[in-house]
Amino acid sequence: MAYKISDDCIMCGACAGECPVGAISEGEGKYVIDADTCIDCGSCASTCPVGAPNA
Ligand code: SF4
Ligand code: SF4
C-alpha cells in the first residue's frame, strides 16, 4: 500500500524533498505520490505540516 496525499495539502513542497525514492511530485492543487514508486517509508507523513500524506 502506497501513501496518498489528501486534499489537505497546502503545496508547501516539503515532502517531495524528503522522499528517498523521488515518488512525490507537484500535481494539480496538491502534491501527488506515485504508487508504484513509493516504498511506504513514512517520511512524507512525518514531514508534512498538515498531515496530508496517509498510509
Ligand atoms: Fe516517499 Fe516514503 Fe512518502 Fe512513499 S512514504 S511517498 S517513499 S516519503
Ligand atoms: Fe502537501 Fe504536506 Fe507535501 Fe507540503 S508536505 S506538499 S502540505 S503533502
Side-chain angles (χ1 to χ4, degrees):
M1 275 296 291
Y3 273 63
K4 277 192 170 181
I5 294 174
S6 76
D7 290 345
D8 291 339
C9 174
I10 56 171
M11 300 193 77
C12 72
C15 57
E18 292 299 319
C19 180
V21 292
I24 307 175
S25 60
E26 191 176 338
E28 298 210 3
K30 64 177 183 178
Y31 271 62
V32 292
I33 294 172
D34 180 70
D36 293 332
T37 308
C38 175
I39 56 169
D40 280 338
C41 73
S43 287
C44 51
S46 40
T47 301
C48 182
V50 296
N54 290 287

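The structure displayed is predicted, hence computed values, not measured ones. Just follow the structure's listing: the first ligand is 1, and inside any ligand the first atom is 1.
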Give the numbers and elements of all ligand 1 atoms closer than 4.0 Å to a heavy atom of [X].
X: Ile33; result: 6 (S)
X: Cys38; result: 4 (Fe), 5 (S), 6 (S), 7 (S)
X: Tyr3; result: 5 (S)
X: Val21; result: 7 (S)
X: Ile24; result: 6 (S)

Looking only at protein heavy atoms, which one is nearest to [atom], and what is the separation?
atom: atom 6 (S) of ligand 2; answer: Gly13 N, 3.1 Å
atom: atom 1 (Fe) of ligand 1; answer: Cys19 SG, 2.3 Å
atom: atom 5 (S) of ligand 1; answer: Gly42 N, 3.2 Å
atom: atom 3 (Fe) of ligand 1; answer: Cys44 SG, 2.3 Å
atom: atom 2 (Fe) of ligand 1; answer: Cys41 SG, 2.3 Å
atom: atom 7 (S) of ligand 1; answer: Ile39 N, 3.4 Å
atom: atom 4 (Fe) of ligand 2; answer: Cys12 SG, 2.3 Å

Please could you name the atoms of ligand 2 that [X] approaches to less than 4.0 Å, counting only its heavy atoms?
X: Ile10; answer: 1 (Fe), 7 (S)
X: Cys15; answer: 3 (Fe), 5 (S), 6 (S), 8 (S)
X: Ile5; answer: 8 (S)
X: Cys9; answer: 1 (Fe), 6 (S), 7 (S), 8 (S)

*Would you kindly confirm whether Met11 and Ile24 end up in one hydrophobic cluster when ILVMFWY residues are joined by side chain heavy atoms under 4.5 Å apart?*
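Yes; tracing contacts between hydrophobic side chains, which count when under 4.5 Å, links both residues.
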*Under a 4.0 Å heavy-atom limit, does Thr37 contact ligand 1 with its side chain, its backbone, both, or neither?*
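Neither part.
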Please give me the minimum heavy-atom distance between [X] and [Y], naming the atom from each residue.
X: Tyr3; Y: Cys44; answer: CD2-SG, 4.1 Å
X: Ile39; Y: Pro20; answer: CD1-CG, 4.3 Å
X: Pro53; Y: Ala45; answer: O-CB, 3.7 Å
X: Cys38; Y: Val21; answer: CA-CG2, 4.4 Å

_Cys9 vs Val50, test: side-chain contact (heavy atoms from CB on, under 4.5 Å). Steps then yes/no._
CA-CA 7 Å; Cys9 174; Val50 296; 5.6 Å; no
*How many angstroms lie between atom SG of Cys48 and atom CD1 of Ile5, to the nearest 0.5 angstrom?*
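Cys48 atom SG to Ile5 atom CD1 measures 7.5 Å (nearest 0.5 Å).
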*Rounded to the nearest 0.5 Å, how far does NZ of Lys4 lie from CG of Asn54?*
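Separation between the atoms: 11.0 Å.
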*ligand 2 contact by Val50, heavy-atom criterion under 4.0 angstrom*: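 Yes, Val50 has a heavy atom closer than 4.0 Å to ligand 2.
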*asked:* Under 2.8 Å from atom 1 (Fe) of ligand 2, is there any N, O or S atom belonging to Cys48?
replied: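 False for Cys48.
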